[in-house]
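Reading through the structure tokens given below for one structure.
Just follow the structure's listing: the first ligand is 1, and inside any ligand the first atom is 1. Quick caveat, the model's predicted, so the values are computed rather than measured.
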Amino acid sequence: MRTLSVELGERSYPIHIGSGLLADGGALREALGADRAAVITNDVVAPLYLDRLLATLDEGQATPIILPDGERHKTLGTVEGIYDQLMAGAFDRKSALIALGGGVVGDIAGFAAATWLRGVRHIQIPTTLLAQVDSSVGGKTGVNHPLGKNMIGAFHQPDCVIADMAVLKTLPRREVRAGLAEVIKYGLIDDAEFFDWLAGRAKGLLALEEGLLTEAVARCCRAKAGIVARDERESGVRALLNLGHTFAHAIEAATGYGAWLHGEAVAMGMVMAADLSRRLGWLEADQARRIRNVLETDFGMPVIPPADISTDRFLELMASDKKVERGRIRFVLLRGLGRAVIADSVDPAVLAQTLAARAELCH
Ligand code: NAD
Ligand code: GLY
């Protein structure tokens, strides 16, 4: 097991990474102590892993709360249902919530923990690759508003994150690939050597080789922990984690959430960000091509945006993104491979070229 730390003073917490951590239970027992807990999970993950978790705790110590699976249930209504069960079970301030699942469960459970009795402890046990490298670390919690994704939420750091590589074996292949897009994102942001390392190990990573996964997850978590420690509330450097996301959110919104997995849209968005950076003269053409090739050829990610999203529709959707500030779309772009920067004003004519490039992106 490897243990990293998110350094936030008295709110610092460990991230444990390894294989078999759920069955072993040591990390969870240490984080929970003798406290009671509600385990928040869903009806896909529960049959696979709930018993394994409960078997490591004392009889009656934890009560499961099983949600329906899916992003469409990431709502205030679902959180209200959780409050009802916490109320019925008389969960007090000493109790903790455990999130067992992907990013959807993690965000909901984290938000319930942020708000129940004005905040109780929570432990994240992420079961998707995306949740292990991104959503379980950093304390962003929340749910969707019918008109916008993640519009309601709170910053509430977990007490502990436990990332078990063994649970990834049951993850659908498409979800693995989508998670790998977020992994690659860390290389592009500020670690060109990590990008090369990943590019050389695509087959092994896609085949879920545990040694490779542990190394990749640990490197991502170390990078995210460093960024969160410097900028917990996203007033600066944390925004770099949104590389590819402005384009991605537009694609997800235009196609109806779920048609493209978030990670797939992020891969597409990173290709568009690389293309825009190249057109602005910030990124060498061969580096932009390499980014596209690694994503497309090595990892099998989509690199051509949906034909039916017109340039105007792209612009309209990007302008309503949560990250727009005073009417300006903020992009995360590349000044080199492994050198992401925040760009507050981009020439609209150049942006239009990227949005129109389609199959020619990064060529
Ligand atoms: P998800 O939680 O929907 O999980 C994907 C699918 O895999 C679901 O059907 C889930 O039930 C299933 N699943 C989970 N673990 C499994 C396992 N081990 N074996 C088999 N099936 C399993 O999706 P996700 O990609 O993990 O998370 C996406 C969510 O994360 C979005 O709501 C997004 O907004 C959020 N997110 C939050 C942050 C943050 O910082 N809080 C960051 C990135 C994404
Ligand atoms: N997923 C982006 C962040 O945590 O800031």
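- The aromatic rings of F331 and F247 are tilted relative to each other, their planes meeting at an angle between 30° and 60°.
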Start with the C-alpha gap between E71 and H73, add the side-chain angles, then the distance that decides, and say whether side chain to side chain donor-acceptor pair (under 3.5 Å) holds.
-> CA-CA 5 Å; E71 179 79 31; H73 297 290; over 6 Å; no
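- By the salt bridge (charged side-chain N to carboxylate O under 4.0 Å, His left out) test, R290 pairs with D196, sequence neighbours left out.
- Annotation: the span from R292 atom CZ to T297 atom OG1 amounts to 8.5 Å, rounded to 0.5 Å.
- If you check the side chains of E175 and T128, you find no donor sitting under 3.5 Å from an acceptor.
- A salt bridge does not link K203 with E209: none of the charged nitrogens is closer than 4.0 Å to a carboxylate oxygen.
- Donor-acceptor pairing under 3.5 Å is recorded for the side chains of K74 and N150.
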Give every donor-acceptor pair under 3.5 Å between a side-chain atom in residues 31-45 and any protein atom, sequence neighbours left out.
unit_1	atom_1	unit_2	atom_2	d
D35	OD2	R121	NH2	3.1
R36	NH1	G89	O	3.2
R36	NH1	A90	O	3.3
R36	NH2	G89	O	3.0
T41	OG1	L100	O	2.8
N42	OD1	V44	N	2.8
N42	OD1	V45	N	2.8
N42	ND2	D69	OD1	3.0
D43	OD1	D69	N	3.1

Distances under 3.5 Å, N/O of ligand 2 against N/O of the protein: list each pair and its distance.
unit_1	atom_1	unit_2	atom_2	d
ligand 2	1 (N)	D134	OD1	2.9
ligand 2	1 (N)	D134	OD2	3.3
ligand 2	4 (O)	K224	NZ	2.6
ligand 2	4 (O)	R238	NH2	2.8
ligand 2	5 (O)	K140	NZ	2.8
ligand 2	5 (O)	R238	NE	2.7
ligand 2	5 (O)	R238	NH2	3.4

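- Checked against the 6.0 Å centroid criterion, the rings of Y186 and F195 do not qualify as a close aromatic pair.
- Around ligand 1, the residues contributing at least one heavy atom under 4.0 Å from the ligand are N42, V44, V45, L48, Y49, D69, E71, K74, G102, G103, V104, D107, T127, T128, L130, D134, S135, K140, K149, N150, V167, T170, L171, P172, E175, K224.
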